[in-house]
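Right, one structure below, let's go through it.
Naming convention: chains lettered A, B, ... in sequence-line order (proteins, then strands); numbering from 1 in each chain.
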Amino acid sequence: MNQFSYLFNPITLFGAVCTLAIFSLIFKENRIYRVFEHMFIGLAVGYDVATTWTQVLKPQWWDPMVVDGQWAWIMTVPVGLMFYGIYTKKFAWMSRLLYGIFFGLTATTIFQDFCQGFMPQVVKSYKPLVPPPAVPNDPWASLHAFSFVVNNLLFMIILTCVLIYFFFAFEQKSKFVQITAKTGRLILMGAFGAIFGSTIMTRMALLIDRVYFLLHDWLRWVH
Amino acid sequence: MHSFFAAIPHHGPEYFGKLIIGLLIVLAILGLLHAAPKQSRRAIIAVFTFLGGLFYFLEFFLPVDPKTNKNFLTGQQEFVAQLSAVIGAYAIGLGVVSLGQYHAKIISRKREGWGNSVVLVIAALIMFTFSILNEYHAKTVLFTDPFQHHTQDIHGVFLVLFEGGLAKLDAATFALIAFFIASASYRAFRIRSVESSLLMIAALIVMLASTTIGTALTNWLPTEGPQANFRIEHISEWLLTRLNSPAQRGIVFGLEVGALATSLRLWLSLERGAYFDAEV
Amino acid sequence: MEHASDNWYVGALSILLALLIVAVIMFAQHRRPPTIRKIAGLNAVDEAVGRATEMGRPVLMVPGLDGLAISTLQALSIFSHIGRNVAKFGNRSIVATNDPLVTGIAEETIRDAYAESGRPELFDTNDIRYLSSQQFAFATGVAGILIRDNVAASFLFGGFYAESLIFAEVGNQVGAVQVAGTTQVTQIPFLIAACDYVIIGDEFYAASAYLSRNPTLLGSLVAQDYCKLILMIIVWLGCIGVSILAAHPGDHPTGWLHFVDKAVKLFKPG
Amino acid sequence: MTTSEKGSVWARMQRVDRRVIYVLLLLSIIIPMLLPQVEFPILPSQQSKDFYTGIENVAEKTPAKIVIVDGFWASGTRGEQQWQTQAIFTHLMKRHLKFAMLSFDTQNKTLMPAIADKLAPQFGYEYGRDYINFGYRPNSVFQQTVKGMVNDIPGTIKKDARAQPIASYPIMNGIKDSKDVGAVIDITPVSSVGVWIGLFQGASQTPLFYAPTAVMAPEGYPYLDSGQISGILTGVKGAGDYEQLLKTKSFGTQATSALSFVYALIILLVIVGNIGYFIERSNTRKVNA
């Protein structure tokens, strides 16, 4: 066996070719990228359809119906077929009926989301503007108290400015409202910049990981 | 509901009889709905949408038994989730038809790039086949590997397709973002306006703070006391926690209220726009 | 908080806001529509559609990756408006989806939009494309459409995640005018960096009202403002409350401080 | 665009071809990887130092207690978090701290233990005596698992990844509940640290260490301020910092070095673009005046 046989390990070799083909997009969309793009979608869809059977329909529909004998699951078949009404003029409305039920189910989960996910954030936004008692022996006690108040006041002001920026129907005629809304937008830009800056490392780490895959796992130039 | 779905021995005539009856019942109901006058269809859809939504609404708002922390609908949640997962899964055909139709047309008319469409279809068929086989016959030996002289089973082929193909394509595409983030920041970070300058300054500070060069810039400042606040890592931290978090919270307030209003319009069939205004 | 009964005050607040929204919508249907402030990104939508038509290149719309969710349905509602305009100009609309369920509604939405504009013959089912349910397979597919179909205007509305920058940068490279808006706050900076116009935060939920000027939707928008105002007042009252408590440390079994203490804890999850 | 405009240096500085940017980006990653001698000095951040000294303190004050390392990361964030994990395990093994791994992700259950198994021989670590793998629990029972471990670790975990009762291993001698845990280390790309703080640390005051991806790090800052977290190791830079503190060199160092080159490149590009923009704009203004 050749000393370079590791280059031909099917998983790494195929993986490396796939990686290089995708990376070629950044220079120019090309024939090889196109082939791999289509292969990617093909593999993904093949896998999606298979998992729809193996993870959903087989364990949640076929097995209960056929193996456990819960015969009523058969009734879901004509209901599911209603989706395909969109392909005919006559039955198109039936698909809307089924979609309607799904819309309803999706819509009302908002109440739990509002109470469970959102309201805690409202409560957490009550920021005290009075500092807590100083920690004993803190040489910077007044500085800490000062920054506590300033930061909390800033929190309330930023929150208010951003909220006012997002008022659509109230007339923004008064100078005060205009200025707060404008400030809100500027603060948003600063906040977005911060998000941008903090995301770069995570994204670059992914590229570094891919280069490491090519140089270490495949070519073994790096140890 | 559960007793209706109750298991019965599944080989006797009773089982098959019930299967057929079940089908007939649903078809009869659908037939009746379809026979209803056309002008009432919109109302029928609205009623079903409302009833669908009523489930989660009542489940959340009906008082619960303090001992079990459940009301009479809580136990049904799992069933409703299973039912919508199953029915939702039937829709996979809509995707397959959409994709298949598009590529079949390209292949049959030998349009430019039809070879790619062939690749797509073959890849999909192979992946589908091996994913299914891998689930139920993973250990079946397919052939002897000519290079490595050991036998290759179905799971091995699946791994090449999944680990070598799908997972690597996925990771490589994810990593493309790194390139795009570089070109996007080069283009966007210009002192064109107050807004773009703010975006740029905040991003650069946060970036610098996580590098050696950046932290070295302000390393001469003390780590305690008022001046420490001006160390770049503290400015970055301040931007991320004191500026970013209230701003994000403000956005979330608006988004949540927007989602609440949109949900209500959908649930109560008050939504407007092509799909919702069209003749049915 | 799994049920409203864990804290009835929170549950009641959600119902109150919901009733307010419905009431204002009902009221708005019979009144002069309110004026709403300018949203720059949305003014660009029609311009982008017009430009695409002039260039004889199609328009691409992507309703996000959230599946059959509120954000996706809102995106489709925006697309129904855009689709109508595209149809009026006699141009093509391509919609790329990552969920078979969404594919079905997207097809109906765009078909209806073309029919409403009196150009049903221009609608092509092949332009509603399901690509894949997997995030990055979908992303390569959308990149492929942007490049090969030579898209001139691209609209990204809905829930987008890391892949948003792939769409936006490839779109930028092919010279498409891009208008985007997402419910995922952390993706907004990348869209701002790479797109021509970005609508921020709940401008997304205002978009369909803004574009269509439909009285129902405008009413809903006014109601949303009231709701935000109420939440803002709650937060400021809470802020005052906790400040008072911070100024008077200790337990408060009775008296007005007891009342403040209760009020501050009113909406604490059960 | 006229030829003179196209040719002006300032205009070109504003329109560097994206392909040039991409090549430079690739080079700034590949070169430090191939030539480890080309490197940016690494200056560990205060948060990384806190993390390191925190673990040192655990090793000095409570050497007999066990450290719990929980992992949520999978292939998506492996680029950052496998190096964090490797650096942390190296430190634990250097200081002969006993540790247990616990995964809340299906991929993590193989990825994280593989790192420990690879390092173990170097430090003479033996499975069951010096370290143990508590195995995988679905994300849906994360809270219950954490809560259960406060009062009864063997009863909550029951069996290890090799399906043996954990109580049968020597490492678990005398380890009953959260009081016997020296530290918890949360290596995660999701917001899991709040649960550890609320349910575990709140009950037992166990030192908690947080190793998030760079995106998630801000979530930990308020807790670091309040002392509920003893240190934060941020992304791949954190891994590089840690290797520096440990005086070892591995991929984390190279990746951090590559990252510094990448950042320098981006900052340089932004500066170049802005200089071009600024000068060209002032030139046009002069012409107009």
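Contacts between C/Leu76 and chain B at a heavy-atom distance below 4.5 Å are absent for every atom of the residue. Neither the backbone nor the side chain of B/Leu169 has a heavy atom closer than 4.5 Å to any heavy atom of chain C. When heavy atoms are compared at a cutoff of 4.5 Å, C/Glu203 does not approach chain B at all. Looking at C/Gln224, both its backbone and its side chain come within 4.5 Å of chain B, counting heavy atoms on both sides. Of the atoms belonging to B/Leu266, it is side-chain heavy atoms, and not backbone ones, that fall under 4.5 Å from chain C. With a threshold of 4.5 angstrom between heavy atoms, C/Gln135 does not approach chain B through any atom at all. Heavy atoms closer than 4.5 Å to chain C are found in the side chain of B/Thr74, but not in its backbone. Residue contact with chain C, scored on non-hydrogen atoms closer than 4.5 Å, is absent for B/Asn244. Interface remark: C/Thr183 contributes backbone and side-chain atoms alike to the contact with chain B (heavy atom separation under 4.5 Å). Using a 4.5 Å cut-off between heavy atoms, C/Ala223 makes no contact with chain B at all. Interface remark: C/Val102 contributes no atoms to any contact with chain B (heavy atom separation under 4.5 Å). For B/Leu255, the parts lying under 4.5 angstrom from a heavy atom of chain C are both the backbone and the side chain. Neither the backbone nor the side chain of C/Ser212 comes within contact range of chain B; no heavy atoms are under 4.5 Å apart. Both the backbone and the side chain of C/Ile105 come within less than 4.5 Å of a heavy atom of chain B. In this structure, the portions of B/Ile181 lying under 4.5 Å from any heavy atom of chain C include both its backbone and its side chain. Heavy atoms closer than 4.5 Å to chain B are found in both the backbone and the side chain of C/Leu165.
C/Tyr197 OH: 12 or fewer foreign heavy atoms inside a 6.0 Å radius. The neighbour count for B/Trp114 CH2, taken as heavy atoms of other residues, nucleotides or ligands under 6.0 Å away, does not exceed 12. Remark: C/Tyr161 OH is packed, more than 12 non-hydrogen atoms of other residues, nucleotides or ligands lying under 6.0 Å away.
For the pair C/Asp124 and B/Lys105, the tightest heavy-atom approach, listed with the atom from each and the gap, is OD2-NZ, 4.0 Å. Between B/Phe61 and C/Ala4 the shortest heavy-atom distance is CD2-CB, 3.4 Å. Between B/Ile251 and C/Gly201 the shortest heavy-atom distance is CG2-CA, 3.5 Å. C/Asp112 and B/Tyr275 get closest at one heavy-atom pair: OD2-CA, 3.7 Å. Nearest heavy atom pair, residue B/Arg187 against residue C/Ala193, reads NH2-O, 3.9 Å. Contact record, C/Asn126 with B/Gln101: OD1-C, 3.9 Å, taken as the closest heavy-atom pair.
Side-chain atoms of B/Glu271 and C/Gln74, non-hydrogen and from C-beta on, do get closer than 4.5 Å to each other. Considering only heavy atoms from C-beta on, C/Ile166 comes within 4.5 Å of B/Phe180 through its side chain. The side-chain heavy atoms of C/Phe136 and B/Ile177, taken from C-beta on, include a pair separated by under 4.5 Å. Two residues are said to be in side-chain contact when any heavy atoms from C-beta on lie closer than 4.5 Å; B/Phe57 and C/Ile15 meet this criterion.
For the residue pair C/Glu169 and B/Ser183, a side-chain donor N or O sits within less than 3.5 Å of a side-chain acceptor on the partner. Looking at B/Arg265 and C/Ser220, their side chains do bring a donor and an acceptor atom within 3.5 Å of each other.
Contacts from residues 225-233 of chain C to chain B, taken as heavy-atom pairs separated by less than 4.5 Å, involve C/Cys227, C/Lys228, C/Leu231 in sequence order.
Looking at B/Ser98, its side chain does come within 3.5 Å of a backbone N or O of C/Ile128 through a donor-acceptor pair.
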